[in-house]
Amino acid sequence: KWKENKPKKEKKAGLDIGVINLASILIHDEKTQSLIVSGGELMAHNSYYNKLFSKLQKSIENEIVSFETKKDKKGIERKINKKYTNRGRYLQKKKSGLMESRNRYFDDQMNKYSTLILKYLKLYKVTDLVISKNLSFTKTTGEIKMVKKTKQKFYQIPFGKFLNMLVEKSSKYGILVQDKNEAFTSKTSCISADVNDNQEKRSFNQPILPTDLNGSRGSKGRKLSRGLFKDRIKNVIINSDLNGAANHIRLAFPLIRITNLKSYLWKLQSPKKTKSAFELSNFIKLLTSRCDS
């Protein structure tokens, strides 16, 4: 009875989502290695499908027999394809089948990744996971500035579906998922600054100074390369996505001090990286066998 009534130890984790790295996970303890799940495989498949769509579309355009002019809502006349040859109709069916194949692939991958990540968290007895759905919401608003090539990947890979699956399956693994606004999580140092203060200042329309961020995120073509974050106070370089994941924890649990991890910078500097769902599955099996032994 004493064991049954004994309170469960709480353990927090933060998850930062992105295009190049699908998920970056940091668990708030001193022993667990951080995990980064690469989105390279998803981007490669997305690029492959786009090439096939482009070839099919060019072939379909050559099979048009007649056009029809219609006015849009603004009163501008536009040409609409009216009739196709037999081959054109066949190619249209092939294109819709390819679209369905693409959707099934991403549904399958997001289902696998969400299940594997929850298994990983349960293995380390995580009770609370903090995520942010802001990135998926920007798809509907369109308020995002990116290079055309990156923007295409961003809009076509279903991040929202992945996050929704995490939330839906979390109760099965005994994990409580919280959704927080990720504003300033990637710009603020998790070691020497407080992201809660920056969000509060923004809510009151107060300026955010460099001293409030205490760091800078690297980008392509600069001294500090993309994927890295430099803390100006401690003068250390850490992984930028894990910095965001750590700030996610701070948002949901303000009393937790991520600065306690300053003696364990390896969690922010040396994560385990997996390139596919298959590789992630094998990694979790290896961890499970170690725990059992």
Side-chain angles (χ1 to χ4, degrees), residues 9 11-45 109-132 135 157 159 162-163 165-166 169-170 173-175 177 182 185-186 189-191 217-218 224-231 236-250 256 258 260-293:
K9 289 185 178 179
K11 188 181 281 191
K12 323 295 183 185
L15 185 148
D16 183 76
I17 198 168
V19 179
I20 296 175
N21 292 328
L22 176 67
S24 302
I25 304 166
L26 183 137
I27 299 175
H28 188 256
D29 62 8
E30 298 173 357
K31 297 179 180 179
T32 309
Q33 186 179 17
S34 300
L35 175 67
I36 290 180
V37 180
S38 173
E41 186 181 37
L42 299 176
M43 289 191 293
H45 274 80
Q109 289 297 304
M110 295 310 176
N111 186 37
K112 286 179 179 177
Y113 277 123
S114 58
T115 302
L116 289 170
I117 286 172
L118 287 169
K119 283 183 178 179
Y120 169 80
L121 295 172
K122 187 180 179 181
L123 192 64
Y124 286 108
K125 300 178 181 179
V126 171
T127 58
D128 297 87
L129 175 65
V130 188
I131 63 172
S132 176
L135 198 64
I157 296 175
F159 302 107
F162 167 68
L163 293 174
M165 286 181 176
L166 272 177
K169 298 176 184 178
S170 59
Y173 294 88
I175 298 172
V177 179
E182 66 174 357
T185 53
S186 61
S189 173
C190 66
I191 300 172
R217 187 172 183 174
L224 190 64
S225 61
R226 193 222 160 269
L228 299 177
F229 184 94
K230 185 174 182 179
D231 184 279
V236 293
I237 296 175
I238 58 178
N239 184 282
S240 60
D241 293 328
L242 292 176
N243 176 65
N247 279 326
H248 278 62
I249 300 173
R250 191 72 182 274
I256 288 180
I258 305 300
N260 293 341
L261 294 175
K262 62 186 178 183
S263 301
Y264 306 93
L265 286 174
W266 63 276
K267 289 177 66 69
L268 297 164
Q269 294 174 334
S270 305
K272 169 66 181 177
K273 296 183 179 181
T274 58
K275 296 180 180 179
S276 64
F278 177 75
E279 191 175 331
L280 178 59
S281 177
N282 288 339
F283 175 62
I284 293 171
K285 285 179 183 177
L286 178 63
L287 292 175
T288 306
S289 61
R290 286 178 182 175
C291 292
D292 293 340
S293 60

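By the 4.5 Å heavy-atom criterion applied to side chains, L121 and L15 are not counted as neighbours. In this structure, I131 and I17 have side chains that are not in contact, with every pair of non-hydrogen atoms separated by 4.5 Å or more. Inter-residue side-chain proximity for H248 and D16 is flagged as met; some heavy-atom pair is nearer than 4.5 Å. Taking the side chain as every heavy atom from C-beta outward, N243 and L268 never approach each other to under 4.5 Å. Looking at heavy atoms from C-beta onward, C190 lies in side-chain contact with I238 at the 4.5 angstrom threshold. The side-chain heavy atoms of W266 and Q33, taken from C-beta on, include a pair separated by under 4.5 Å. L129 has its side chain out of reach of S170: every pair of non-hydrogen atoms, C-beta onward, lies at least 4.5 Å apart.
L116 meets the side-chain contact (heavy atoms from CB on, under 4.5 Å) test with A277, L280, S281, I284; sequence neighbours excluded. A search for side-chain contact (heavy atoms from CB on, under 4.5 Å) contacts involving T115 returns N111, K119, K169, Y173, not counting sequence neighbours. In this structure F162 satisfies the ring-ring contact (aromatic ring centres under 6.0 Å, His included) test with no other residue, sequence neighbours excluded. Here S240 pairs with R217, F229 under the side-chain contact (heavy atoms from CB on, under 4.5 Å) rule; sequence neighbours left out.
The distance from atom CG of D241 to atom OG1 of T185, rounded to the nearest 0.5 Å, is 10.0 Å. The CG atom of N282 sits 11.0 Å away from the CG atom of L287 when rounded to the nearest 0.5 Å. Once rounded to the nearest 0.5 Å, the distance linking NZ of K11 with OG1 of T127 reads 9.0 Å. Expressed to the nearest 0.5 Å, how far CG of D128 lies from CD1 of I27 amounts to 12.0 Å. From T32, atom OG1 reaches atom NZ of K125 across 11.0 Å, with rounding to the nearest 0.5 Å. From I191, atom CD1 reaches atom CG of N247 across 10.0 Å, with rounding to the nearest 0.5 Å.
Pairs passing the salt bridge (Lys or Arg N to Asp or Glu O under 4.0 Å) check and including a residue from residues 275-289, sequence neighbours excluded, do not occur.
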message = Assess the residue pair I157 and H45 against the criterion (side-chain contact (heavy atoms from CB on, under 4.5 Å)); give the C-alpha distance rounded to whole Å, side-chain angles, the decisive distance to 0.1 Å, and a yes or no.
response = CA-CA 10 Å; I157 296 175; H45 274 80; over 6 Å; no

message = As a quick check of understanding, evaluate side-chain contact (heavy atoms from CB on, under 4.5 Å) for Y113 and L166, giving each step before the final call.
response = CA-CA 9 Å; Y113 277 123; L166 272 177; over 6 Å; no

Sequence neighbours excluded and cut-off under 3.5 Å, please list the side-chain donor-acceptor pairs for residues 34-44, or say none.
residue, atom, partner, partner atom, Å
S34, OG, K267, O, 2.7
S38, OG, G40, N, 3.0

